[in-house]
Amino acid sequence: YIAEHQFPDLSRKTPLFTHDSRDIVKHRATPYFPFLKGTVTTDLPYAGGDYTQASNGLQLTLEDFVSWHQKFAANKLVSRAMKDKMWTPYPYSETDDQFGYSWDIISQGEGKAYGFSGSMCTMYRTYPSTGITVIFLSNGFNSFYNLGNTINRIAEIAME
């Protein structure tokens, strides 16, 4: 459904959905993390050894991601009204977390940013009031860092 409705102009080679980050996929960068062994490895112990996490699912090229974003920003994939619903904070009763219906909601200066991340090393964040979007793709890290702060700083630089 997603390939057909969100990426209709792409070949069947991309996007690719796989649930196991250890699968060998031609031209895909394998993720790496510094967990169990203290060295860079493809192990994902934070997932309890279970590689069937959604964060391993969607695989696509930067070019395809940018194309998707442009269509999304132009309301060609979902309507503006649907975006407003997606970006409405979920009414949690026991936390002040700001999370929409499937999207992170981030306060940024005077406005809001919306986005999502994948496997702690990729992130998409759009700042509608400024027209800036940051797509950050990497295939791992050798120590923990706050990816959200990194994205916010990139956006701040772009807004200067």
Side-chain angles (χ1 to χ4, degrees), residues 1-37 39-47 50-78 83 86-87 98-109 111-160:
Y1 179 89
I2 291 172
E4 183 178 330
H5 292 90
Q6 296 284 304
F7 304 95
D9 56 337
L10 302 178
S11 72
R12 287 293 173 196
K13 294 180 182 177
T14 180
L16 167 71
F17 287 90
T18 177
H19 62 70
D20 192 332
S21 64
R22 299 169 299 176
D23 286 346
I24 304 301
V25 177
K26 188 176 181 179
H27 303 299
R28 181 179 75 179
T30 301
Y32 60 89
F33 305 94
F35 296 112
L36 284 179
K37 300 174 185 166
T39 60
V40 174
T41 178
T42 60
D43 292 337
L44 297 172
Y46 66 86
D50 185 354
Y51 288 85
T52 59
Q53 302 294 316
S55 62
N56 294 325
L58 178 61
Q59 317 286 317
L60 69 161
T61 66
L62 177 58
E63 180 180 69
D64 293 342
F65 203 157
V66 169
S67 175
W68 174 88
H69 163 72
Q70 290 169 334
K71 290 174 190 158
F72 179 78
N75 301 322
K76 293 180 180 177
L77 298 175
V78 297
K83 282 186 199 175
M86 291 167 40
W87 294 344
Q98 286 287 296
F99 193 79
Y101 291 84
S102 298
W103 290 70
D104 292 320
I105 302 172
I106 302 92
S107 293
Q108 178 80 8
K112 299 257 186 216
Y114 307 91
F116 46 84
S117 63
S119 198
M120 301 188 311
C121 58
T122 64
M123 187 170 278
Y124 167 87
R125 191 169 287 172
T126 189
Y127 304 78
S129 65
T130 65
I132 292 173
T133 295
V134 177
I135 297 173
F136 183 92
L137 303 176
S138 73
N139 61 317
F141 48 87
N142 62 6
S143 63
F144 285 104
Y145 63 97
N146 188 318
L147 183 54
N149 288 345
T150 302
I151 298 305
N152 286 341
R153 184 62 188 128
I154 292 169
E156 288 170 3
I157 291 167
M159 290 179 208
E160 291 177 354

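All figures in this text were calculated on a predicted structure; none of them were measured in a lab.
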### Task
Check the side chains of D104 and Y124 for a donor-acceptor pair under 3.5 angstrom, ignoring hydrogens and angles.
no

### Task
Determine the interplanar angle of the F65 and F116 rings, folded into 0 to 90°, and report it as parallel if under 30°, tilted if 30 to 60°, perpendicular if over 60°.
parallel

### Message
For T122 versus L147, what's the shortest heavy-atom pair and its separation?
### Response
O-CD2, 3.6 Å

### Summary
When rounded to the nearest 0.5 Å, the distance separating CD1 of I154 from CD1 of I135 is 11.5 Å

## Note on the structure
NE2 (H69) and OG1 (T133) are apart, to the nearest 0.5 Å, by 3.0 Å

### Query
Nearest heavy-atom pair of F72 and L77: which atoms, and what distance?
N-CD1, 3.8 Å

### Query
CE/M86 to OH/Y114 distance, rounded to the nearest 0.5 angstrom?
11.0 Å

### Task
Tell me, please, which residues at least two apart from W87 pass side-chain hydrogen bond (donor to acceptor under 3.5 Å, both in side chains).
none

### Message
Minimum heavy-atom separation for P128 and K112, please, with both atom names.
### Response
CD-O, 3.6 Å

### Task
Search all heavy atoms of F99 against all heavy atoms of I105 and return the closest pair with its distance.
C-CD1, 3.9 Å

### Query
Can you tell me how far OH of Y127 sits from CD1 of I132, rounded to the nearest 0.5 angstrom?
8.5 Å

### Query
If you round to the nearest 0.5 Å, how far is CD of E156 from OG1 of T130?
11.5 Å

### Query
What is the minimum heavy-atom distance between G148 and N146, and which atoms define it?
N-OD1, 3.0 Å

